[in-house]
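Here the structure is laid out as structure tokens; the discussion comes afterwards.
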Amino acid sequence: MADREWLSERLAEVESGRPMRAVQWGKASLVWADLWVCWALAENGEEALALERRVLAVPGVDWWNRAGRGAH
């Protein structure tokens, strides 16, 4: 979110009296960052953790995930 032009556009919206709501800001930032989100169902926490570890082990992907920050 450190793109000067994108932030300037958002600031211009605020200054002109047309600020976005927090939900709109969040959606706009996800579109801008071109992030994709998906979910998978697991039977329990253990299965969910195993799935997360398999996904995070995919080579060549720079995941944005709490596990990458040493939370586990």
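The shown structure was predicted, so the numbers you read here are calculated from the model rather than taken from an experiment. Sequence positions, counted from 1, serve as the residue numbers for this chain.
- Side-chain contact between S29 and W6 is present, with heavy atoms from C-beta onward closer than 4.5 Å.
- Clustering ILVMFWY residues whenever any of their side-chain heavy atoms sit less than 4.5 angstrom apart, transitively, puts L51 in the very cluster that holds V58.
- The salt bridge (Lys or Arg N to Asp or Glu O under 4.0 Å) analysis of residues 9-25, with sequence neighbours excluded, yields the pairs R10-E13.
- In this structure the side chain of E52 reaches within 4.5 angstrom of the side chain of L49, judged on heavy atoms.
- Under the 4.5 Å side-chain contact rule for hydrophobic residues, L7 and M20 share a cluster.
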